[in-house]
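By convention here, the first residue in the shown sequence is residue 1.
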Amino acid sequence: HTVHSTTYIFVMSSSTNTPSDILPSNVPKLDPQGSNWAIFIERFVTAVEAKNKFGHFDGTTPCPTAIVVAATQTVSNQDDIDAWNRDERTARYLLTQCLPDSLVMRVSRTKFPTVALAWAFITKQFTLKGAYIQTNLRRQFLDSKCPDRGDVHQFLLELGVKREELAAIGIDIDEKDYCSTILSSIPSYLSTYASNLLASHKASVLIQNSLNAAASPPAPGSPSPTLLSYDMDPDLLIQIIIEEYERTKSKRSGGGSGG
């Protein structure tokens with residue numbers, strides 16, 4: 001009795017859109033108000049450059065000028081022109097994928113015949129608009145305040161989430177500004193507690209750096225030893241403040257065990 005094996009070959013059908021036609025998922029849709037312009041332009045330009053199409057956006061890849069052969073009245077570089085037109089259509093498709101509908105209509109082909117003209121209009125409009133919106137959002141974050149009698153624990157957790165949300169649209173709140181916002185946004189008794197803690201931390205780091213330098217002085221011509229940072233990690237600062245807040249709240253409500 002003979003067993004015959006059969007090999008099956010599966011052929012996947014090709015997709016309508018090729019990979020060069022599709023933007024990666026990390027390119028966000030441009031917000032109509034321009035709040036995410038900074039992160040949008042960074043990711044969009046990076047994606048389009050990777051597809052070798054950005055020349056259609058900045059105008060460095062213009063349509064080839066037709067070269068007409070007088071004897072035959074034919075265009076000798078028609079293939080090059082056709083290839084440019086295909087890439088131009090792909091570039092416009094890439095652009096419209098990430099624009100709000102209202103903006104797609106404003107930069108339609110009838111108003112801006114080339115992608116370069118449409119892109120110039122968009123960058124001019126949103127560079128100013130985005131900067132204004134982002135300045136306001138940054139200022140709102142730095143001016144954050146925990147409401148009177150509010151839950152400091154929840155407020156600080158939400159502040160951290162807000163910082164991440166701002167980073168996602170290209171607004172960077174560095175650690176120094178973040179720590180300052182934390183201290184200025186909480187009740188005064190917690191702010192005083194945290195400020196004293198930071199001062200103590202800096203003093204101990206200063207002493208430790210001095211001891212390290214004295215114990216291992218660098219040889220002539222060699223680089224200085226790496227110093228410990230005087231700044232406390234903001235997440236650690238938040239954790240310490242929350243612990244003090246919960247301890248104080250428990251004590252005030254009579255829930256402390258005393259000890």
Same apolar cluster: I39 and V161, side chain cutoff 4.5 Å: no

Whether E88 side chain and V115 backbone form a donor-acceptor pair below 3.5 Å: yes

Closest approach of I182 to P234 (non-hydrogen atoms, all atoms of both residues): CD1-O, 4.1 Å

Approximate separation, where rounding is to 0.5 Å, of I122 CD1 and K129 NZ: 11.0 Å

Side-chain donor or acceptor of T96 paired with backbone N/O of V104 under 3.5 Å: no

D58 side-chain N/O to A116 backbone N/O, donor-acceptor pair under 3.5 Å: no

Heavy-atom pair of closest approach, residues F141 and K162: CD1-CG, 3.8 Å

Exam field: side chain T192 to backbone Y189, donor-acceptor pair closer than 3.5 Å: no

Same cluster (ILVMFWY, side-chain, under 4.5 Å), V107 and M105: no

Heavy-atom pair with the smallest gap, counting every atom of R106 and F121: NH2-CZ, 3.3 Å

Distance in Å, T46 OG1 paired with L23 CG, rounded so as to fall on 0.5 Å steps: 11.5 Å

Short side-chain donor-acceptor distance under 3.5 Å, N136 and Q140: no

Inter-residue atom distance N52.CG - T90.OG1, 0.5 Å rounding: 12.0 Å

Check against side chain to side chain contact (heavy atoms under 4.5 Å, CB included), Q239 and L236: CA-CA 5 Å; Q239 181 182 341; L236 177 58; 4.3 Å; yes

Approximate separation, where rounding is to 0.5 Å, of L156 CG and S185 OG: 6.0 Å

Derivation and outcome, side chain to side chain contact (heavy atoms under 4.5 Å, CB included), residues S35 and I133: CA-CA 6 Å; S35 63; I133 293 291; 3.5 Å; yes

Derivation of the side chain to side chain contact (heavy atoms under 4.5 Å, CB included) call for L137 and I169: CA-CA 10 Å; L137 290 174; I169 60 173; 3.8 Å; yes

More than 12 heavy atoms of other groups within 6.0 Å of E42 CD: no

Donor-acceptor contact present, side-chain S195 to main-chain S191, <3.5 Å: yes

Side chain proximity check, T248 to E244, heavy atoms < 4.5 angstrom: yes

Short side-chain to backbone donor-acceptor contact, S200 and N196, under 3.5 Å: no

P147 to F155 - nearest heavy-atom pair and separation: CD-CD1, 4.5 Å

Shared hydrophobic cluster for V152 and L198 (ILVMFWY, side-chain gaps under 4.5 Å): yes

Ring centroid separation H56 to W84 under 6.0 Å: yes

Sidechain-backbone polar pair: K176 side chain, D174 backbone, donor-acceptor under 3.5 Å: no

Gap between atom CD1 of I240 and atom CE of M232 - 0.5 Å precision: 4.5 Å

Donor-acceptor pair, side chain of K249 and main chain of D151, under 3.5 angstrom: no

P28 side chain near R43 side chain, heavy-atom distance below 4.5 Å: yes

Heavy-atom check, side chain of L157 versus side chain of I242, under 4.5 Å: yes

ILVMFWY cluster, L128 and L103 together (side-chain gap under 4.5 Å): no

Donor-acceptor under 3.5 Å (Q97 side chain, D21 main chain): yes

Q134 side chain to I171 backbone, donor-acceptor under 3.5 Å: no

Considering all heavy atoms, the nearest N36-K29 contact: ND2-O, 2.9 Å

Salt bridge R139-D143, side-chain N to carboxylate O under 4.0 Å: yes

Parallel, tilted or perpendicular, as decided by the 30° and 60° cut-offs, for the rings of W119 and F40: tilted

CG-OH distance between D235 and Y178, expressed to the nearest 0.5 angstrom: 6.0 Å

ILVMFWY network linking I67 to V69, side-chain heavy atoms under 4.5 angstrom: no

Basic-acidic side-chain contact under 4.0 Å: R138, D177: yes

Contact summary for A131 and T135, nearest pair of heavy atoms: O-OG1, 2.8 Å

Output field: ring centroids F57/F44 closer than 6.0 Å: yes

